[in-house]
Engineer: 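Next up is a structure, given as structure tokens.
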Amino acid sequence: MIAYLDMPSGISGDMFLGCLLDADWPIERLRNVISQLKLADGEWAITAISVMKGPLRATLADVQAAEGHAHRHFADIQKIIHGSELPQLVKDRATAVFWRLAQAEAKVHGTTPETIHFHEVGAVDAIIDIVGTIAGLHDLGIEKLYASPIPLGSGWAKTDHGQIPLPAPATLELLANVQAPTRPAAGPGEWVTPTGAALVAQLATFGQPAIALEKIAIGAGRKDPPPPSWPNVARLWLGQAPTNRHSDLVQLETNIDDMNPQLFSAVSDKLFAAGAKDVWFTPIQMKKNRPAILLSALGTTANESALSNVILEETTTLGVRVHPLSHRHEAARDIRQIDTPYGPVHVKLKYLHNQPIGISPEFDDCKALAEKANVPIRLVLESATTAAHAFLQSLKS
């Protein structure tokens, strides 16, 4: 099954949960999931309430949490999640969402992800929203999640740090990290929370897919917009990917024989920034035995125009060929962090049928650690590879 998260009014963690509950994910199952986190007695309660948002019926996930004044670090939340008996894929994805939040908050506040206090997003309700959402997607069998452009409002909000502009700095950082498409919201205010942004950034591919619709689920937001108001809801379209359709992937290419080769690196960077899934260069021979470069880029139909514009603007070519791809098989993936003798390194986990089957260290992390320790990169990479495979084996055992 695939799903499309339609965000006419924005997204928050409880709105995402409301969509899943409206899709007939049992509230009893959600409560069972959260009980496995072994939070303190009386620290939380969850109710599913049918409400009207303007002319639309929706489900409100009413999450009640007693956070008090205790703030949690990333390590505290990781311990809570991985101490549960939830499926490993659910634990890994929930941890990855919180790691995104920690990185964004750390950058905004000028500190490190390990030492950041999570403040609002580290409250019990955020743990419930994130773990519950990922467990719900897993239970409903949603293998691929897509998302609409994200509406962003304006104004100011009060936080533990004082007044901050909207959208919240952490929300913007999360969306910028995945080049998320945005649009102006229907009115001022905070319509996308950091928790909602982190979930979408980690789990979704932006773009509307071809889908054989089976169900529309509607989750309600807590607040109502001021007049002239609109329904504060998010909609989750659920269905199957049509078996006879073409994929939404395209391959763009062009032959270049008259450009300074020093410029190709910058072209590649701009293509990735514009949303390319991959970019590569192939030496070719053109007419009159002239050596040239075949520039190729893989993207989606949604960003085909943006990628074509980059190629036309940044290279000497006069045209770009576009080839639709019939389909592509993809493995699920997650980003985790492991420890090495040189420091922490992010690794990319590869999953097939919900089982981890491969792992690879992030080269940029290894490069930065090698420069810091003044050692050859290959030593850090070898150390990270050894630690990564040991981590992979621990997941399989």
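Since we're looking at a predicted model, the values are computed, not measured.
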Engineer: Regarding Lys53 and the six-membered ring of Trp230, is the cationic atom NZ or CZ under 6.0 Å from the ring centre and inside 45° of its axis?
Structural biologist: no
Engineer: Under a 4.0 Å threshold between the charged nitrogen and the carboxylate oxygen, would Asp62 count as salt-bridged to Arg222?
Structural biologist: yes
Engineer: Between Asp339 and Ala387, what is the shortest heavy-atom contact and its length?
Structural biologist: O-CB, 3.8 Å
Engineer: Spell out, as yes or no, whether a donor-acceptor pair under 3.5 Å connects the side chain of Ser383 to the backbone of Leu379.
Structural biologist: no
Engineer: Check for a donor-acceptor pair, side chain of Lys144 on one end and backbone N or O of Ala3 on the other, with a separation under 3.5 Å.
Structural biologist: no
Engineer: Check whether any side-chain heavy atom of Pro361 sits under 4.5 Å from a side-chain heavy atom of His346, and report yes or no.
Structural biologist: no
Engineer: What distance separates Ile357 CD1 from Lys396 NZ, expressed to the nearest 0.5 Å?
Structural biologist: 7.5 Å
Engineer: For Cys366 and Val345, run side-chain contact (heavy atoms from CB on, under 4.5 Å): C-alpha distance rounded to whole Å, both residues' side-chain angles, the deciding distance at 0.1 Å, then the answer.
Structural biologist: CA-CA 7 Å; Cys366 295; Val345 171; 4.2 Å; yes
Engineer: Does a side chain donor of either Asn32 or Gln36 reach within less than 3.5 Å of an acceptor in the other side chain?
Structural biologist: yes
Engineer: Measure from the side-chain N and O atoms of Thr315 to the backbone N and O of Leu312, and report whether any donor-acceptor pair falls under 3.5 Å.
Structural biologist: no
Engineer: Looking only at the side chains, is there a donor atom on one of Thr316 and Asp258 sitting less than 3.5 Å from an acceptor on the other?
Structural biologist: yes
Engineer: Counting N and O atoms only, with roles assigned by atom type, does the side chain of Arg333 sit under 3.5 Å from a partner on the main chain of Ala331, one being a donor and the other an acceptor?
Structural biologist: yes
Engineer: Given Leu37 and Val131, is the side-chain contact (heavy atoms from CB on, under 4.5 Å) satisfied, shown in steps?
Structural biologist: CA-CA 9 Å; Leu37 299 176; Val131 176; 4.2 Å; yes
Engineer: Using every non-hydrogen atom in the two residues, find where Ile81 and Ala94 come nearest and quote the distance to one decimal.
Structural biologist: CD1-CB, 3.9 Å
Engineer: Has Thr59 got a side-chain atom pairing as donor or acceptor with Leu21's backbone, closer than 3.5 angstrom?
Structural biologist: no
Engineer: With side chains defined as the heavy atoms from C-beta onward, is the minimum distance between Gln285 and Asn289 less than 4.5 Å?
Structural biologist: yes
Engineer: So do the side chains of Val33 and Trp25 get within less than 4.5 Å of each other, counting heavy atoms only?
Structural biologist: yes
Engineer: What verdict does the ring pair (Phe, Tyr, Trp, His ring centres under 6.0 Å) test give for Tyr146 and Phe206, after you've listed the backbone C-alpha separation in whole Å, the side-chain angles of each residue and the deciding distance to 0.1 Å?
Structural biologist: CA-CA 6 Å; Tyr146 297 85; Phe206 291 100; over 10 Å; no
Engineer: Among Ile77, Asp125, Val97, which residue meets the side-chain contact (heavy atoms from CB on, under 4.5 Å) test with Ile130?
Structural biologist: Val97
Engineer: Can a donor-acceptor pair be found, under 3.5 Å and without considering hydrogens, that links the side chain of Thr171 to the backbone of Pro167?
Structural biologist: no
Engineer: Sub-3.5 Å donor-acceptor pair from the side chain of Arg336 to the main-chain atoms of Leu349, do we have one?
Structural biologist: no
Engineer: Just by distance, do the side chain of Asn177 and the backbone of Glu173 share a donor-acceptor pair under 3.5 Å?
Structural biologist: yes
Engineer: Under a 3.5 Å distance rule, please check whether Lys215 uses its side chain to pair with a backbone N or O of Gly239 as donor and acceptor.
Structural biologist: no
